[in-house]
Asker: 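Got a structure here, written out as structure tokens. Questions coming.
When a residue number appears, it is its place in the shown sequence, counting from 1. Remember, it's 1-based here, ligands and their atoms both numbered in the order they're listed.
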Amino acid sequence: MEIGKDVVLVVSAHAADFVWRAGGAIALYHSRGARVRVLCISYGERGESQKLWRKPEMDVETVKRVRHEEAEKAADVLGAEIRFFDAGDYPLRPTDLLIDDLVQEFRSVQPTIVLTHALSDPYNGDHPEAARLALNTRVYAQALGYPSQDKALGAPPVFCFEPHQPEMCEFKPQVLLDITPVFDRKRKAMECMDAQEHLWEYYTQLALRRGTQAVRNSGRKEIRYAEAYQRIYPQVTDQFS
Ligand SMILES: [Zn+2]
């Protein structure tokens, strides 16, 4: 399919996950005319907002507000729509309402590409929970018997983000996406995440390393920055590539 016709749905457990792990993919697809929609299941107010909690007299509503503003700004830089579910973190727990809400998202948005977390992460149980939620609701959205005013979903491929410690999450970088043309936008989006400033440089270095590996695996010397992904389902093709 022509990239400009793609619709990318990104299911992010917390407010910033989509920026570190898929910011390049989002900016790349947006730059080519695709629609990109980010679903933030929670703000990561308990588990991923350490810097804010170190400030005196911090409260949960303020943390959520700051994370909301940061993520909104980052999504804007990347060219994505964003929706917040405020479903809570630590633990992130799917309710029947949340499940139905996500199924209806799949039905109405009709994504052609789905990005979400890996299914294993011993450092953060919310990430695999969000991945399971995304996978399950994608499958429910395919079922003709699931009540909805929108048509049933096809079979969009699912790509898992690279986790923070990939070796510990059984993550294999099966796909290296060249994000060189949009890396400056990813960096700018990362810099919206003031609450996690320590990660800006870390994810810049990671993109450089994945870029080097992308060159090694393709011979395309012009690649400088890349993001790694792992597929959940087999690639369907009539041509090996
Ligand atoms: Zn997270």
Asker: Can you name the nearest heavy-atom pair linking Ala15 to Tyr43, along with the distance?
Answerer: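 It is CB-O, 3.5 Å.
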
Asker: If the Zn ion (ligand 1) is the vertex, what is the angle to OD2 of Asp17 and NE2 of His127, rounded to 10 degrees?
Answerer: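 An angle of 100° at the metal.
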
Asker: The Zn ion (ligand 1) and His14: any N/O/S contact shorter than 2.8 Å?
Answerer: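 Of the N, O and S atoms in His14, at least one lies under 2.8 Å from the Zn ion (ligand 1), which means yes.
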
Asker: Please find the pair of heavy atoms, one from Gly24 and one from Val182, that lie closest to each other, and give the distance.
Answerer: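 Taking Gly24 first and Val182 second, the nearest heavy atoms are O-CG2, 3.5 Å.
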
Asker: Please determine whether Asp126 has a backbone or side-chain N, O or S atom lying under 2.8 Å from the Zn ion (ligand 1).
Answerer: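 Here the distance criterion (N, O or S atom, under 2.8 Å) is not met by Asp126, so no.
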
Asker: Just say parallel, tilted or perpendicular for the rings of Tyr229 and Phe159, cut-offs at 30° and 60°.
Answerer: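 Ring orientation, 0 to 90° scale: perpendicular.
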
Asker: What distance separates Asp126 CG from Arg46 CZ, expressed to the nearest 0.5 Å?
Answerer: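 Going from CG on Asp126 over to CZ on Arg46, the span is 10.0 Å.
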
Asker: Do any of the N/O/S atoms of Glu48, backbone or side chain, fall under 2.8 Å from the Zn ion (ligand 1)?
Answerer: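 Yes, since at least one N, O or S atom of Glu48 sits under 2.8 Å from the Zn ion (ligand 1).
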
